[in-house]
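These notes concern the structure reproduced below.
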Amino acid sequence: MNTPAKTCVICYSPLYSRADKTTCSDACRVRLHRQRQNEDIHEPDEEGNGQSTGHDALLDLPWLRQQPITSTERDYLNRRDEPEDHEGASEQKRSSEAALAKQLQADYVKIVESFLEKEHKRLRSRQLRQMLRTSMYTYESYKLHPQLTQAGSNAQKCQKDLREIIIIIQETHQDAQNGWLSHTSQYELTKKWRRQLQERLLG
């Protein structure tokens with residue numbers, strides 16, 4: 001009979017799988033992820049160096065950001081720095097801001113709806129890569145949101161949601177790549193965050 005080398009860091013159940021495994025289930029992995037975000041825990045990597053696991057611990061995936069700028073984003077950028085006293089400039093600027101905000105909200109809704117719908121499903125690496133690409137592109141686009149600088153704005157909350165989604169999909173993708181029998185994996189959300197996402201979609 002195999003003797004477990006260590007136990008799950010969340011529920012302390014015995015671990016019999018890979019040597020680098022820290023949790024026994026998807027649920028415990030999600031709880032560990034949330035704890036790291038809330039407490040800004042730092043774990044040493046394989047060489048013993050400190051490695052941040054907080055909100056900004058996004059993998060460097062520049063290949064995901066190589067997406068063409070949309071016409072709505074281009075129009076907003078062209079009008080963003082126009083002088084206020086220019087005839088009709090203010091109205092055109094407000095119009096382009098409203099159009100961009102509407103486009104970003106529509107993209108956010110599509111990503112969150114898909115993310116919630118795929119919870120608990122076994123996803124292949126290819127599917128997860130596509131989810132990463134779409135989520136990262138929208139996250140980067142949200143940096144142009146006209147209301148992003150307003151403290152407590154819905155735009156800030158949506159961008160934070162997208163960042164959380166990216167981190168979870170990245171972790172799930174890594175699990176899929178490390179799978180012994182198949183390149184698939186799944187994720188599980190906390191009830192609180194699932195409810196927050198659902199409420200954000202409604203509001």
Kindly give the heavy-atom pair with the smallest separation between Q186 and H120, and that separation in Å.
-> OE1-O, 2.7 Å

Would you call the rings of W193 and F115 parallel, tilted or perpendicular, where under 30° means parallel and over 60° means perpendicular?
-> perpendicular

Step-by-step side chain to side chain contact (heavy atoms under 4.5 Å, CB included) determination, L100 to S96 | CA-CA 6 Å; L100 178 60; S96 63; over 6 Å; no

Distance, nearest 0.5 Å, that separates OG of S135 from CD of Q130 = 9.5 Å

Does a salt bridge link K143 with E140, judged by any charged N lying under 4.0 Å from a carboxylate O?
-> yes

Do E119 side-chain atoms and L189 backbone N/O form a donor-acceptor pair below 3.5 Å?
-> yes

Sequence neighbours left out, cut at 3.5 Å: what donor-acceptor pairs do the side chains of residues 102-109 make with other protein atoms?
residue	atom	partner	partner atom	Å
Q103	OE1	T70	OG1	3.4
Q103	OE1	T72	OG1	3.0
Q103	NE2	T70	OG1	3.3
Y108	OH	D161	OD2	2.6

Atom CE of M131 and atom CG of L123: how far apart are they, to the nearest 0.5 Å?
-> 6.0 Å

Can you name the ring pair (Phe, Tyr, Trp, His ring centres under 6.0 Å) partners of Y142, sequence neighbours left out?
-> H145

Heavy-atom nearest pair, L197 first then V112, reads CB-CG1, 4.0 Å

Pairwise side-chain contact, H173 with R129, heavy-atom cut-off 4.5 Å (strictly under) | yes

Under 3.5 Å donor-acceptor, H183 side chain and A176 backbone = yes

Using the rule that two of Ile, Leu, Val, Met, Phe, Trp, Tyr join whenever any of their side-chain heavy atoms come within less than 4.5 Å, decide whether L144 and I111 are in one cluster.
-> yes

Between OH of Y187 and CD1 of I165, what distance do you get to the nearest 0.5 Å?
-> 8.0 Å

Atom NZ in K121, atom OG in S185: separation rounded to 0.5 Å?
-> 15.0 Å

State whether the side chain of S114 and the backbone N or O of K110 hold a donor-acceptor pair below 3.5 Å, judged by distance alone.
-> no

Contact check, side chains of L148 and Q159, non-hydrogen atoms, under 4.5 Å | yes

List the steps, then state whether side chain to side chain contact (heavy atoms under 4.5 Å, CB included) holds for R194 with L116.
-> CA-CA 8 Å; R194 187 189 306 112; L116 290 173; 3.9 Å; yes

Rounded to the nearest 0.5 Å, what's the gap from CD1 on I169 to NZ on K118? Could you check?
-> 9.0 Å

With sequence neighbours left out, write down each residue that passes side chain to side chain contact (heavy atoms under 4.5 Å, CB included) with T184, or none if nothing qualifies.
-> R122, R124, S182

Looking at NZ of K160 and CZ of R200, how far apart are the two atoms once the value is rounded to the nearest 0.5 Å?
-> 8.5 Å

Is it the case that K157 and S153 place a side-chain donor and acceptor less than 3.5 Å from each other?
-> no

